[in-house]
Amino acid sequence: MTSRMNPKWNGQFSCFDLVAKTASCPRSVVRVRDFEIGDGEFVVMAGPCAVESESQLLRTAEAVARAGARVLRGGAYKPRSSPYAFQGLGVEGLKLLRKAREETGLAIITEVMSEEDVDLIAEYADIMQVGTRSMENFALLEALGGCGRPVFLKRGMTATLEEFLRSAQVIALAGNLQIILCERGIRTFETATRNTLDIAAVPVLKTVSHLPVVVDPSHAAGVRSLVPVLSRAAAVVGADGLLVEVHPTPEQAMSDGNQSLNFAEFRHMMADLQPYLELQHASRQLGPQLLAAGGAD
Ligand code: PEP
Ligand code: MN
């Protein structure tokens, strides 16, 4: 595998060749319907953890679109920690996502948990989400190589950045270079937050890899009060966008209500992001210096 890796980051890890940043491929852009992720626009994906009902989804879609989101998130197949928790509406949920896209124009991101579901979900989704628990489901990653849709790869909750990029390389090797990386927090000894947002992962990934990087502050925080500030941090360190959980009545959500924003909270968060996005643009010229400091290529 050594020959397929780029020079080391900080003496620690190399980057796999198909996803590595090189002089000829400094960054890649992922096309989704009528917009692109990774080309400078900060793309916000928002919606409920799980699709629960038509009114829940359509109301959320309208609210997040009005506040500036470009993509509607919503799980139809849910990887729940408990076998007794709500597992999602399945195909019924996919149909509701399609209806929300027709009504709002938002693109759809939804999770695929099994290689057997790839074709079905690709019929409905604009972006295929691979959850943290599936980051090393290599049969799934290989099946996504031929799905014809961008893949949103979440970092495994105990994965190093090298392991994360190795999974991205598996998808790329299988034929799909339309990959978006997502930092969603990792497991550490800290219990004040659900996971620990590895904010440094963003500039490291953007230094060694050409792939766009999106931050999920919701699963990192586990509590809604931290979501806006982690989103602002993501903007400042150069993320290409966010994945945020939003629900009409978070206290009644069937999953992840504690970390979901209501509509007003999401609207305020979006409005408050503006100065931080300007900071991101102002500091963009620091990118090459970081690259030199990191020693990658
Ligand atoms: C989700 O996005 O709802 C989800 C289950 O995320 P993760 O895989 O990061 O836990
Ligand atoms: Mn969730």
Side-chain angles (χ1 to χ4, degrees), residues 43-52 56-57 60 64 69 71-83 85-90 93-94 96-97 107-114 117 121 125-137 140-141 144 150-159 161 163-164 167-168 179-188 193-199 201-202 205 213-224 226-227 230-231 234 239 241-262 266:
V43 174
V44 177
M45 312 176 184
C49 179
V51 179
E52 298 170 3
Q56 172 241 20
L57 190 69
T60 309
V64 300
V71 182
L72 176 66
R73 64 147 292 147
Y77 295 82
K78 294 303 302 173
R80 302 306 302 283
S81 306
S82 161
F86 176 56
Q87 307 291 316
L89 293 181
L94 296 176
L96 293 175
L97 287 164
I108 299 300
I109 180 169
T110 195
E111 178 160 355
V112 54
M113 290 170 57
S114 158
D117 295 335
I121 292 179
D126 298 295
I127 307 173
M128 311 285 276
Q129 176 173 325
V130 176
T132 189
R133 295 163 185 80
S134 302
M135 190 205 83
E136 288 195 324
N137 179 344
L140 173 61
L141 302 183
L144 287 166
V151 177
F152 186 89
L153 180 65
K154 289 188 141 195
R155 180 180 181 182
M157 62 181 90
T158 59
L161 294 178
E163 290 159 349
F164 190 21
S167 287
I179 303 166
I180 303 152
L181 301 173
C182 176
E183 163 59 39
R184 49 78 72 200
I186 50 175
R187 277 279 172 93
T188 68
T193 49
R194 182 175 177 182
N195 291 284
T196 297
L197 180 64
D198 182 5
I199 200 76
V202 179
L205 289 169
V213 180
V214 164
V215 167
D216 171 351
S218 307
H219 291 85
V223 286
R224 75 178 65 89
L226 288 178
V227 170
L230 296 185
S231 298
L242 299 172
L243 181 80
V244 183
E245 288 186 333
V246 178
H247 193 282
T249 47
E251 52 294 339
Q252 286 162 19
M254 295 175 85
S255 63
D256 287 349
N258 288 346
Q259 65 199 35
S260 300
L261 303 180
N262 66 29
F266 181 67

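When a ligand or atom number is given, it counts from 1 through the structure's own listing order. Heavy-atom basis, side chains included; hydrogens, waters and symmetry copies ignored.
- A side-chain contact (heavy atoms from CB on, under 4.5 Å) with L243 is found for exactly one of V215, I127, I109, namely I109.
- Between P48 and E245 there is no side-chain heavy-atom pair separated by less than 4.5 Å.
- In this structure, the side chains of C49 and H247 stay at 4.5 Å or more apart for every pair of heavy atoms.
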Does the side chain to side chain contact (heavy atoms under 4.5 Å, CB included) test come out yes or no for R133 and M157, once each step is laid out? CA-CA 7 Å; R133 295 163 185 80; M157 62 181 90; 4.0 Å; yes
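- The distance from ligand 1 to the heavy atoms of G131 drops below 4.0 Å at these ligand atoms: 8 (O).
- In terms of protein heavy atoms, atom 7 (P) of ligand 1 is closest to K154 NZ, 3.4 Å.
- Atom numbering of ligand 1 starts at 1 in the shown order; those under 4.0 Å from a heavy atom of C49 are 3 (O).
- Considering T193, T196, D198 as possible partners of T188, the one that fulfils the side-chain hydrogen bond (donor to acceptor under 3.5 Å, both in side chains) test is T196.
- Those atoms of ligand 1 that come under 4.0 Å of a heavy atom in Q129, given as number and element, are 1 (C), 2 (O).
- The protein heavy-atom contact nearest to atom 8 (O) of ligand 1 is T132 N, 2.8 Å.
- At least one heavy atom of K78 sits closer than 4.0 Å to an atom of ligand 1.
- By the criterion of a heavy-atom distance under 4.0 Å, the side chain of E245, and not its backbone, is placed next to ligand 1.
- A 4.5 Å side-chain heavy-atom check between L94 and Y77 finds at least one atom pair inside the cut-off.
- Closest protein heavy atom to atom 2 (O) of ligand 1: R73 NH1, 2.8 Å.
- Protein-derived N/O/S atoms nearer than 2.8 Å to the Mn ion (ligand 2) total 4, waters excluded.
- You'll find the side chain of I121 reaches within 4.5 Å of the side chain of M128, heavy atoms only.
- Contact check for R224 versus P250: side-chain heavy atoms found under the 4.5 Å cut-off.
- For R184, a nitrogen or oxygen atom sits less than 3.5 Å from a nitrogen or oxygen atom of ligand 1, counting backbone and side chain alike.
- Shortest contact from atom 4 (C) of ligand 1 to any protein heavy atom: H219 NE2, 3.4 Å.
- In this structure, the side chains of L96 and L89 come closer than 4.5 Å at one or more pairs of heavy atoms.
- T110 contributes a side-chain N or O that, together with a main-chain N or O of G74, makes up a donor-acceptor pair within less than 3.5 Å.
- With sequence neighbours excluded, the residues that form a side chain to side chain donor-acceptor pair (under 3.5 Å) with D256 are R194, H219, Q259.
- Not a single heavy atom of G75 sits less than 4.0 Å from an atom of ligand 1.
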